[in-house]
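These notes concern the structure reproduced below.
Counting starts at 1 for both ligands and their atoms, following the listed order.
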Amino acid sequence: MKTTTCDNHEPNFLRVEEALHNIEQNLKPIRGEEQLAIRSALDRILAEDVLSQINVPPYNNSAMDGYAVRGADLPTKDKAVLTLVGSSLAGRPCVEAIQAEQCARIFTGAVIPAGTDTVIMQEHVEKQGDTIIIGAEHKPGQHVRPLGEDIAVGQVVLKAGKRLSPADIGLLASLGIPEVKVKRRLRVAFFSTGDELCAVGEVPQSGQIYDSNRYTLYGMLNRLGVDIIDMGIVLDKPEDIENAFLLAASNNDAIITSGGVSVGEADYVTDTLRRLGEVNFWKVAMKPGKPLTYGKVQGAVFFGLPGNPVSAMVTFYQFVQSALQRMMGQESVTPIRFTVPCISPLKKSPGRMEFQRGILQTGEQGHLVVRSSGKQGSGILSSMSQANCFIILPLECGKVAAGSDVLVEPFELG
Ligand code: AMP
Ligand code: MG
């Protein structure tokens, strides 16, 4: 792995885009697949293309309630009189073949009877006993949904790498496909480092704080649909950190830690990783989340996130999430970003790309606007809890006046 640096303002800082590129360069999708019933495959990643074995719709059918007629019987001028000889209902096709100057009653979704190819809406006919009278305004083939119009036999309906949504599993059901091959779940282990950390449920001693990073990480990982191995809190002792690394690396695809990656006295994560595996330590030109360690330990991909609660979340969303998705075999994981007016002023100095916490909402006249969710310190989790998007401010930009357009990336809609 090669580390490049950015010489803008801070000589050894790496740009966010470069860090992202360096991470992605070294990642490959995991091997291993399993066959699952389609309901169990929800949110899993498809391991192979799915081809349709059938046509959808499976037969020509009516798009309207009305009368099935022969296109050849449509009058070119004046009117035509056709005799009603049968009916076709959804699930109960017409048994009679329709001859010249005959027609059949038909309802939406019903099979187009043999001999016919056109449907006249019931509002457009004059019914007299067992005959209908039609005018010259109709076109042959109208109001017929042809066989295979939606999907043809052999067509690829879902591509390998797709994360299966509710619509996807419904689509599979509509094709009569009961099972699909998906990627096995990624195994991700994580632990928090820090002598000051107290587990929730225990009584904090003087100078201790509760460990929240294992909860935010759990939440974000859970949503990605990975198998989660929570290894708890590890003290700032090189041998404890080393043991935790080795244990985590023995049976997992990825390891995530928080804390201990800056250059403080008790920051052993990067040193330990250097001894056991391959390391890239970066000071990324971003705020929050400056220090970030990325590497490998015995085949497992390693992410060392900063300890500050918001920094850990921001670095997860910006670097780890897409990396894990790539490892899971998921295609097209580009985040959705767009520009909206920001209704609050934002503080910012040039030199780092900032991921400020914002609240995206529907403003007056239905237009989206964003505002800051409050104090932006890297330890302030409450403004992260209130936020539903990042406001992404480029490295070069300074403070933002209220009313300016800003780039946002939602992470918590609905
Ligand atoms: P570090 O990156 O280890 O220097 O930690 C930076 C800041 O984040 C310190 O104030 C830590 O106390 C805090 N911190 C580290 N880990 C956690 C955690 N798991 N939960 C909450 N705060 C943390
Ligand atoms: Mg620490």
Side-chain angles (χ1 to χ4, degrees), residues 10 12-14 16 19 188-222 228-245 247-248 254-275 279-295 302-321 352 354-357 373-387:
E10 300 268 7
N12 297 315
F13 277 27
L14 194 67
V16 170
V188 182
F190 63 84
F191 55 89
S192 294
T193 69
D195 289 345
E196 76 282 29
L197 300 178
C198 168
V200 177
E202 287 174 12
V203 180
Q205 306 299 306
S206 151
Q208 281 202 307
I209 55 163
Y210 287 114
D211 171 12
S212 58
N213 288 347
R214 280 189 303 128
Y215 291 82
T216 51
L217 277 174
Y218 171 86
M220 295 183 292
L221 286 168
N222 197 30
I228 298 169
I229 295 90
D230 181 349
M231 296 177 58
I233 297 168
V234 176
L235 295 177
D236 289 319
K237 280 199 224 148
E239 58 276 26
D240 286 12
I241 292 180
E242 178 165 331
N243 289 338
F245 268 135
L247 185 63
I255 306 167
I256 303 172
T257 64
S258 72
V261 290
S262 31
V263 282
E265 268 179 22
D267 291 331
Y268 300 118
V269 169
T270 312
D271 283 348
T272 309
L273 187 67
R274 197 164 280 129
R275 279 204 309 283
V279 189
N280 254 327
F281 170 74
W282 299 316
K283 282 184 182 162
V284 184
M286 69 188 286
K287 192 176 169 188
K290 186 170 59 177
L292 177 70
T293 296
Y294 168 64
F302 177 84
F303 300 94
L305 309 183
N308 269 311
V310 181
S311 308
M313 289 193 79
V314 171
T315 46
F316 182 94
Y317 278 130
Q318 294 305 321
F319 301 111
V320 184
Q321 180 158 289
R352 290 202 256 166
E354 291 199 10
F355 295 87
Q356 299 202 5
R357 284 142 259 175
S373 73
K375 290 203 177 110
Q376 296 289 320
S378 58
I380 299 180
L381 205 47
S382 58
S383 61
M384 187 67 188
S385 148
Q386 276 156 33

Specify the protein heavy atom at minimum distance from [atom]: its residue, its atom name, and the distance to 0.1 Å.
atom: atom 17 (C) of ligand 1; answer: Asn213 ND2, 3.3 Å
atom: atom 21 (C) of ligand 1; answer: Ser212 OG, 3.5 Å
atom: atom 22 (N) of ligand 1; answer: Ile209 CD1, 3.5 Å
atom: atom 7 (C) of ligand 1; answer: Asn308 OD1, 3.4 Å
atom: atom 23 (C) of ligand 1; answer: Gly307 O, 3.3 Å

Any idea which part of [X] is under 4.0 Å from ligand 1, heavy-atom wise: side chain, backbone, both or neither?
X: Ile233; result: neither
X: Glu196; result: side chain
X: Ser192; result: side chain

Residue [X] vicinity, atoms of ligand 1 by number, heavy atom under 4.0 Å:
X: Asp211; result: 18 (C), 19 (N), 20 (N)
X: Tyr210; result: 20 (N), 21 (C)
X: Pro309; result: 21 (C), 22 (N)
X: Gly260; result: 1 (P), 2 (O), 3 (O)
X: Ser262; result: 4 (O)

Check your understanding: So is Gly264 close enough to ligand 1, meaning a heavy atom under 4.0 angstrom away?
Key ->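 No, that is not the case, since the closest heavy atom of the residue is not under 4.0 Å from the ligand.
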**Study point:** Set of residues satisfying side-chain hydrogen bond (donor to acceptor under 3.5 Å, both in side chains) with respect to Thr272, sequence neighbours excluded
**Key:**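 By the side-chain hydrogen bond (donor to acceptor under 3.5 Å, both in side chains) rule, Thr272 matches no residue at all.
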Review point. Just wondering, do Met286 and Val314 contact through their side chains at under 4.5 Å, heavy atoms?
Key: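 Yes; the side chains approach each other to less than 4.5 Å.
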Point to revise | Pairs involving residues 193-218, ordered by first then second residue, that meet salt bridge (charged side-chain N to carboxylate O under 4.0 Å, His left out) (sequence neighbours left out) | key: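 Every salt bridge (charged side-chain N to carboxylate O under 4.0 Å, His left out) pair that includes a residue of residues 193-218, provided the two are not neighbours, is Asp211-Arg214, Arg214-Asp230.
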Shortest non-hydrogen separation from [X] to [Y] and the atoms involved:
X: Arg357; Y: Ile380; answer: NH1-O, 3.0 Å
X: Ile241; Y: Asp236; answer: CD1-CA, 4.4 Å
X: Phe355; Y: Pro288; answer: O-CD, 3.7 Å

Review point. Quick one: CG on Asn213 to CG on Leu197, what's the gap to the nearest 0.5 Å?
Key: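 Answer for the CG-CG pair, Asn213 versus Leu197, is 7.5 Å.
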**Study point:** Option from Ile256, Leu247, Ile233, Ile255 for which side-chain contact (heavy atoms from CB on, under 4.5 Å) with Phe191 holds
**Key:**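 Result for side-chain contact (heavy atoms from CB on, under 4.5 Å) with Phe191: Ile255.
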Exercise for review: Would you please test Leu381 and Met313 for side-chain contact (heavy atoms from CB on, under 4.5 Å) and show each step?
Suggested key: CA-CA 9 Å; Leu381 205 47; Met313 289 193 79; 4.0 Å; yes
